[in-house]
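One-based numbering along the sequence shown. All of these numbers come straight from a predicted model, not from anything done at the bench. Scope of the values below: all heavy atoms of this structure, side chains included, with no hydrogens, waters or symmetry mates.
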Amino acid sequence: MELKQFLKAATKRERAEVARVCNDSVSYLYQLAGRHRYASALLATRIERMTHRVAQGTQGRLKMVLRDSLVRHPEIFFGVGEEAGEYETPALEDE
């Protein structure tokens with residue numbers, strides 16, 4: 001799922017949750033979605049993991065946003081993070 005579609009389908013709380021974990025604003029997520037800006041590799045990975053986590057509780061309404069779609073050069077992820085269990089998300093520090 002593209003970030004633009006994710007933001008359109010997500011609730012206000014779901015959008016805010018993704019933005020909070022990524023240390024950015026919802027407005028910045030919209031800039032990424034509109035391709036006015038591109039995410040760093042680290043931010044793209046954080047968004048991918050958080051959208052996966054948020055999407056798990058939506059009974060299929062939302063899907064994970066792939067980090068490849070958020071960066072200018074997606075080839076930087078070739079062969080990175082393909083090991084099993086990549087998306088077993090540990091609890092956040094402030095929860």
Side-chain angles (χ1 to χ4, degrees):
M1 176 176 252
E2 294 287 326
L3 183 58
K4 189 180 232 180
Q5 296 166 325
F6 182 93
L7 294 174
K8 185 175 182 179
T11 64
K12 186 175 184 177
R13 179 172 290 201
E14 290 165 340
R15 290 189 296 263
E17 190 175 345
V18 173
R20 180 184 61 85
V21 170
C22 300
N23 296 323
D24 281 307
S25 66
V26 175
S27 298
Y28 189 73
L29 293 178
Y30 276 106
Q31 288 181 358
L32 294 173
R35 303 244 189 247
H36 302 287
R37 295 188 181 268
Y38 291 94
S40 67
L42 179 60
L43 180 58
T45 301
R46 285 182 181 167
I47 292 171
E48 181 181 58
R49 288 183 178 177
M50 194 59 202
T51 57
H52 179 316
R53 186 174 181 180
V54 169
Q56 285 179 330
T58 64
Q59 292 84 32
R61 178 173 50 87
L62 298 173
K63 292 186 173 53
M64 172 179 67
V65 175
L66 297 177
R67 61 188 172 194
D68 300 5
S69 67
L70 300 170
V71 295
R72 187 178 306 253
H73 301 288
E75 62 273 7
I76 63 174
F77 295 117
F78 181 73
V80 175
E82 294 177 352
E83 56 275 352
E86 179 184 5
Y87 291 108
E88 294 178 19
T89 54
L92 296 174
E93 296 88 27
D94 59 344
E95 287 186 338

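Residue Ala19 comes nearest to Ser25 through the heavy atom pair CB-C, 3.7 Å, listed as atom of the first residue, atom of the second, then distance. The minimum heavy-atom distance linking Ala9 with Leu62 is given by the pair CB-CD2, 3.5 Å. What you find for Ala10 and Arg15 is that their closest heavy atoms are O-NH1, 2.7 Å. Across all their heavy atoms, Ala44 and Arg67 have their closest contact at O-CB, 3.5 Å. Scanning both residues, Ile47 and Leu3, for their nearest heavy atoms gives CG2-CD1, 4.5 Å.
A 4.5 Å side-chain heavy-atom check between Leu43 and Leu70 finds every atom pair outside the cut-off. In this structure, the side chains of Glu48 and Met64 come closer than 4.5 Å at one or more pairs of heavy atoms. In this structure the side chain of Lys4 never reaches within 4.5 angstrom of the side chain of Lys8, judged on heavy atoms.
The side-chain hydrogen bond (donor to acceptor under 3.5 Å, both in side chains) check on Thr11 picks up Glu14, with sequence neighbours excluded. Ala41 meets the side-chain contact (heavy atoms from CB on, under 4.5 Å) test with Ile76, Phe77; sequence neighbours excluded.
Applying the salt bridge (charged side-chain N to carboxylate O under 4.0 Å, His left out) test to residues at least two apart or on different chains, none of the pairs has a partner in residues 70-79.
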Apply side chain to side chain contact (heavy atoms under 4.5 Å, CB included) to Asn23 and Arg46, showing your working.
CA-CA 10 Å; Asn23 296 323; Arg46 285 182 181 167; 4.0 Å; yes
Quiz: residues 29-38 side-chain donor-acceptor pairs under 3.5 angstrom, not counting sequence neighbours:
from	atom 1	to	atom 2	distance (Å)
Gln31	OE1	Arg37	NE	2.7
Arg35	NH1	Ser69	O	2.6
Arg35	NH2	Ser69	O	3.4

